[in-house]
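These numbers come from the heavy atoms of this one structure, side chains and all, not from hydrogens, waters or symmetry mates.
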Amino acid sequence: MYFLYNSILFIFLLILSPLILFKVIRGGGGTRELSQRLGMVSADLPEAVKGGGAVWFHAASVGEVLASAALIEKIRHRWPEKSLLVSTFTATGNKAAIRKLNADAVIFLPFDLAPIVKRLLLKIRPSLLILMETELWPGLITEASSIGTPVVVVNGRISDSSFGKYKMLGPLIKGALSRLRLVLTQSSIDSERLAALGVDSARLHETGNVKFDMSVDNSEISFFKEWGHPLFIAGSTRDGEEPYIFEVYLKLREIHPGLRLLLAPRHIERAGEIARMMDERGLDYTLRSKVKGKAKSQLILLDTLGELSSCYKYADLVFIGGSLVPMGGQNMLEPALQGKPVLFGPYIENFREAAAVLTKGGGAVMVKDAEDLLKWSGRLLADDKLRHQMGAKARETVLLNRGATAKTVDMLAGIIDIPNS
């Protein structure tokens, strides 16, 4: 079955190679990304990583990178003698990892073909491979375990859609999943689903969601001080949501003429497309990258990387995107930790647990559609007491659910301190 997996993937990559090359060029990764995707990373790795014994930590994109920061810091503190290699799947995640994580090296995840993955593993010979959340790559898992590297999944989760896809793959991935040394999950549902997919139930442990342990980014952004209030932030929006946001914003401005909107798309490469939407609607806006000193428009499009987390503290109200359209949602814990009332749509399967905890704690509301978003936004903007109470409850809920990172590190100690366990 593993041979079949590699054969299918090879054909798939061959057919899509022009698109992959286009995305690499568009994402700005250039020759560095392409060579690393092919497993050729020797020139990009320090001797400490190539010498064997490093911990390899893989996170897919920006969200997973930011969520893993506290965990990586604890790993480095507990095992200072270990060098750390971080890999990412996306270009934006790669940039975020370079800026935010205390790693010895950051690379792109290679294509999951056996010869490519094996070449890289033999160069690094890591003492441990840690996969974040749903990064279940059969080739990487199989080849790592074949050279004696234990493979661990941390903050593991399986969404409704992912579960369906993995079940379809069936035998193609079951063998790889059976090789996992340890799987630490966010919830009992995730554990049950992973067991159904082939993970040994004795190696499954529910440790909670490390995203509750994220720290607040208190970086100052000067233009906010004079920009004014109230401020509505629509964070991590996805394709198809912006028209709803514009509609809600314009209706809210009829009641609150001074309302500011900061629109932050999940993928900043969509900034040009969103700017054209605003031009078509005759909206007065400014790109964040063009703001020098004072912001003159009431609408700003965030087209810079890594600032959204810092922006949340200035908000009066936050909507989290990827949730009014079926994209699985985005991380709502960052604004909650900043003490902001949070709204999100019904499509939050990737953050189901966090959404349930926040709504139960009174710090967030799930809206059904754009009309419901307008209703709740208007209610919160009109009621300072309710808005502040919700924000306080949001922060309190996050703080009460911390501790997954410490549990995870304690579980990892059984492998790092006793490598042959």
Side-chain angles (χ1 to χ4, degrees), residues 1-2 4-6 8-9 12 58-64 67-68 88-90 93 109 112 129-142 144-145 151-212 236 238 266 320-333 344-360 366 401 404 408 411:
M1 283 298 176
Y2 184 49
L4 180 60
Y5 168 79
N6 276 275
I8 293 172
L9 183 59
F12 182 74
H58 175 65
S61 57
V62 175
E64 290 75 21
S68 66
T88 69
F89 187 77
T90 69
L109 183 72
D112 202 43
L129 171 61
I130 303 174
L131 306 175
M132 183 76 166
E133 297 200 354
T134 55
E135 290 297 283
L136 305 176
W137 295 97
L140 185 59
I141 294 170
T142 301
S145 63
V151 185
V152 174
V153 175
V154 300
N155 216 45
R157 66 175 176 86
I158 299 291
S159 66
D160 298 343
S161 59
S162 294
F163 187 49
K165 291 173 184 175
Y166 283 129
K167 282 180 71 176
M168 286 176 61
L169 290 172
L172 289 178
I173 64 165
K174 190 171 183 178
L177 297 183
S178 68
R179 292 171 174 258
L180 293 170
R181 178 74 65 87
L182 183 65
V183 179
L184 307 180
T185 65
Q186 295 182 22
S187 71
S188 57
I189 294 175
D190 297 307
S191 292
E192 290 168 7
R193 288 178 171 178
L194 283 160
L197 292 173
V199 177
D200 183 348
S201 58
R203 297 178 179 182
L204 284 161
H205 300 269
E206 184 186 339
T207 48
N209 190 345
V210 301
K211 289 184 177 178
F212 282 101
S236 300
R238 303 293 294 270
R266 177 68 179 83
I320 294 297
S323 61
L324 280 179
V325 291
M327 294 291 184
Q330 299 294 155
N331 188 6
M332 65 277 292
L333 296 176
F344 46 79
Y347 301 103
I348 42 78
E349 65 171 42
N350 292 341
F351 295 86
R352 185 191 298 106
E353 181 206 5
V357 169
L358 282 177
T359 51
K360 184 178 180 181
M366 180 189 292
N401 283 274
T408 298
M411 294 295 291

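Taking all atoms of both residues into account, the shortest heavy-atom contact from A176 to I141 is O-CG2, 3.2 Å. The two residues E349 and S161 come nearest to each other via the heavy atoms OE2-OG, 2.6 Å. Nearest heavy-atom pair, A354 versus M332, reported as atom, atom and distance to 0.1 Å: CB-SD, 3.9 Å. Across all their heavy atoms, T359 and F344 have their closest contact at CG2-CZ, 3.6 Å. The nearest pair of heavy atoms linking P138 to Y5 is CD-OH, 3.5 Å. The two atoms that bring A144 and V151 nearest to each other are CB-CG2, 3.7 Å, heavy atoms only.
N209 contributes atom CG, which lies 8.5 Å from atom CZ of F351 (distance to the nearest 0.5 angstrom). Once rounded to the nearest 0.5 Å, the distance linking CG of D160 with CZ of R193 reads 4.5 Å. Note that the OH atom of Y166 and the CG atom of L177 stand 8.0 Å from one another [nearest 0.5 Å]. How far CG of N155 is from CD1 of I130: 12.0 Å, rounded to the nearest 0.5 Å. Rounding to the nearest 0.5 Å gives a distance of 12.0 Å between CD1 of I348 and CD of Q330. Rounded to the nearest 0.5 Å, atoms CD1 (I158) and CD (E192) are 12.5 Å apart.
The closest side-chain heavy-atom distance from L140 to L131 is below 4.5 Å. When side chains are defined from C-beta on, V210 counts as touching T408, because their heavy atoms get closer than 4.5 Å. At a threshold of 4.5 Å between non-hydrogen side-chain atoms, the residues I173 and L136 do not count as touching.
With a 6.0 Å radius and a threshold of 12 heavy atoms from other residues, nucleotides or ligands, Y2 has its OH atom above the threshold.
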Point to revise | Residue pair E64, T88: steps toward the side-chain contact (heavy atoms from CB on, under 4.5 Å) verdict | key: CA-CA 9 Å; E64 290 75 21; T88 69; over 6 Å; no
Check your understanding: Stepwise, does the side-chain contact (heavy atoms from CB on, under 4.5 Å) test hold for D190 with S187?
Key -> CA-CA 5 Å; D190 297 307; S187 71; 2.7 Å; yes
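Between the side chain of S178 and the main chain of G175, a donor-acceptor pair closer than 3.5 Å is present. Using a distance-only test at 3.5 Å, with no hydrogens or angles considered, no donor-acceptor pair links the side chain of S236 to the main chain of R266.
For the side-chain contact (heavy atoms from CB on, under 4.5 Å) test, residues two or more places apart in sequence or in another chain that qualify with N350 are R157, S159. Shown here are the side-chain contact (heavy atoms from CB on, under 4.5 Å) partners of S68, two or more places apart in sequence or in another chain: F57, I72, L101, M132.
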Using residues 196-206 as the side-chain source, report each donor-acceptor pair under 3.5 Å to any protein atom, sequence neighbours left out, with the distance given to one decimal.
from	atom 1	to	atom 2	distance (Å)
D200	OD1	A202	N	3.0
R203	NH1	L180	O	3.0
E206	OE1	S188	N	3.3

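For the pair K211 and E133, the salt-bridge criterion is met [side-chain N within less than 4.0 Å of a carboxylate O].
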